[in-house]
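Notes to accompany the following structure.
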Amino acid sequence: MSILVTGGTGFIGSHTSLLLLEKGFNLYIIDSEINSSKNVLKKISSILKFSDEDFSEKINFFKGDLRNISFIEKVFKSAITKNEPIQAVFHFAGLKSVYESNKYPFKYWENNFVGTLNLLKTMEFNSCRTLIFSSSATIYKSVKKEKIKESNLIGPINTYGETKSTIEKLLHAAFKSQPNKWKIANLRYFNPIGAHFSGQIGEEPKGVPNNIFPIILKVAKKEQKILKIFGNDWDTEDGTCVRDYIHIMDLAEGHISAFEFLTKSNPKIISLNLGTGQGHSVLGLINTFKKVNEVNIPYEYTSRREGDNEFVVADNSLAVSVLGWQPKYSIEDMCKDGWKWAKTRK
Ligand code: UD1
């Protein structure tokens, strides 16, 4: 069976592609390579001990962008020509910088929203109606100190979040128009960090990273002098913000479980939180990283970052009960695996 993975060379896309290949699926991977590189596919292939033949048979890479609908159609056609039509789509492709999204809203609406619209139209045209969508916890309206449930109010405060919540609406509309056909999972991610246990693949953002974990890795490698912690006056145990960090392999497994669940079930649309349900402060994360890896992470406090919330933690009980999925890895594992990957990188 063939699966299309959009954004398949990015952080979450590549780790999920690895698991899909391990399970024996043939992949059609689309990526524009603006924030990743197709070199990761060779590494995945080496982790899986693929021969050159396996690689060319199972991994079909297409460089391009979802804004171009005829390009997407070409990818679907190419699978049909090989007699292995695409039967499901894992849709990771998208832009994700909050700051940039507010500065360049058209760019974000075009890439994230129009890109998804083009993808859905092509899927429908090809009678492919199973979709796993990369949504985000960022779509929730902020709440104080309570774990977030899927039924919480939606209320993003930046353009990036708006594009994700609007895409969810679009997916609901698609489902409603043909309720007997679509199978859709909106997976709302909390904070994925870490890397594959092999140390061969991990998060490799191009340009200057904004998220905490790639910055910790840079400081640990002495590529950046100091980490700036955004505020130590929050109403939390140590004054720094609390997040729900989840090991990238647990997150990838969550996608596989959601796909297997949809495969077995009747047509439906479902939204699920993928997090561990455990909160860790910024300071707690830094201290754990230092301890398990025996490295120094110099930091200083600076003012709060606009748009931050003090406590963002998942209530993951719905995903756990519906999917039978359970995150397995601790914050120590996330720090160890992330460092194993980063320290060998140039
Ligand atoms: C951020 C985005 C979110 C997006 C997610 C994935 C914001 C407000 N939120 O989530 O919409 O879905 O990335 O791309 O941008 N921190 C520091 N110093 C740093 C960087 C981060 O102290 O240099 C702190 C932040 O204040 C936060 C925590 O580390 O408390 C995690 O930050 P980050 O990795 O950017 O993730 P989120 O803010 O949770």
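Whatever order the structure lists them in is the order used to number ligands and atoms, beginning at 1.
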Per-atom filter on ligand 1: closer than 4.0 angstrom to a heavy atom of Asn210 are 20 (C), 35 (O)
Sub-4.0 Å atoms of ligand 1 with respect to non-hydrogen atoms of Cys241: 30 (O)
Option whose closest heavy atom lies nearest to atom 24 (C) of ligand 1, chosen from Leu285, Asn232, Val282, Asn309: Val282
Counting non-hydrogen protein atoms only, what is the nearest one to atom 19 (C) of ligand 1? Give residue, atom name and distance. Phe230 CE1, 3.3 Å
The answer for which part of Val312 has a heavy atom under 4.0 Å from ligand 1 is neither
Closer than 4.0 angstrom, basic N to acidic O: yes or no for Asp244 and Lys147? no
Counting only heavy atoms closer than 4.0 Å, does ligand 1 sit against the backbone of Ile212, its side chain, both, or neither? both
Would you mind listing which atoms of ligand 1 come within a distance below 4.0 Å of any non-hydrogen atom of Ile215? 23 (O)
Show which atoms of ligand 1 fall inside a sub-4.0 Å distance from at least one heavy-atom site of Ile229. 22 (O)
Between Tyr108 and Glu162, is the side chain to side chain contact (heavy atoms under 4.5 Å, CB included) condition met? List the steps. CA-CA 10 Å; Tyr108 272 66; Glu162 292 274 6; over 6 Å; no
Can a side-chain donor-acceptor contact be found between Ser281 and Glu237 if the only test is distance below 3.5 angstrom? no
Between the side chains of Glu33 and Lys206, is the shortest nitrogen-to-carboxylate-oxygen separation below 4.0 Å, so that they form an ion pair? no
With only distance considered, is Asn158 within less than 3.5 Å of ligand 1 through an N or O on each side? no
Among all the protein's non-hydrogen atoms, which is closest to atom 4 (C) of ligand 1, and how far away is it? Tyr160 CE2, 3.8 Å
Around atom 36 (O) of ligand 1, find the nearest protein heavy atom and jot down its residue, atom name and distance. Asn191 ND2, 3.2 Å
Can you tell whether the side chains of Lys77 and Glu73 come within less than 4.0 Å, N to carboxylate O? yes
Using the six-membered ring wherever Trp is involved, compare the ring planes of His280 and Tyr245 and label them parallel, tilted or perpendicular (cut-offs 30° and 60°). tilted
Charged N to carboxylate O under 4.0 angstrom, Arg345 versus Glu223? no
Between Thr138 and ligand 1, which part of the residue brings a heavy atom under 4.0 Å of the ligand: side chain, backbone, both or neither? side chain
Can you tell me how the ring of Phe62 sits relative to the ring of Phe71, calling it parallel under 30°, perpendicular over 60° and tilted otherwise? perpendicular
Determine whether the side chains of Asn273 and Tyr140 contain a donor N or O and an acceptor N or O closer than 3.5 Å. yes
If you scan protein heavy atoms around atom 27 (C) of ligand 1, the nearest is Arg243 NH2, 3.7 Å
Provide, to 0.1 Å, the distance between atom 33 (P) of ligand 1 and the closest protein heavy atom, together with that atom's residue and name. Asn211 ND2, 3.5 Å
Is there a nitrogen or oxygen of Lys228 sitting under 3.5 Å from a nitrogen or oxygen of ligand 1? yes
Please work out whether any backbone atom (N, CA, C, O) or any side-chain heavy atom from C-beta onward of Tyr245 is under 4.0 Å from ligand 1, and answer side chain, backbone, both or neither. side chain
For Tyr99, which part has a heavy atom under 4.0 Å from ligand 1: side chain, backbone, both, or neither? neither
Measuring from non-hydrogen atoms of Ser136 to any atom of ligand 1, is the shortest distance under 4.0 Å? yes
Check whether the ring centres of Phe197 and His247 lie less than 6.0 Å apart, and answer yes or no. yes
Just one of Ile270, Leu131, Leu262 clears the side-chain contact (heavy atoms from CB on, under 4.5 Å) bar with Lys183, so which one? Leu262
Answer side chain, backbone, both or neither: which part of Arg305 comes under 4.0 Å from ligand 1, heavy atoms only. side chain
For ligand 1, which atoms, with element, lie under 4.0 Å from some heavy atom of Lys96? 14 (O)
How far is atom 9 (N) of ligand 1 from its nearest protein heavy atom, and which residue and atom is that? Val98 CG2, 3.9 Å
Here's a test for you: under side-chain contact (heavy atoms from CB on, under 4.5 Å), which of Asn112, Asn210, Asn211 qualifies with Lys96? Asn211
Counting non-hydrogen protein atoms only, what is the nearest one to atom 26 (O) of ligand 1? Give residue, atom name and distance. Asp308 OD2, 2.6 Å
Any side-chain to backbone donor/acceptor pair from Thr159 onto Pro105? Under 3.5 Å, distance only. no
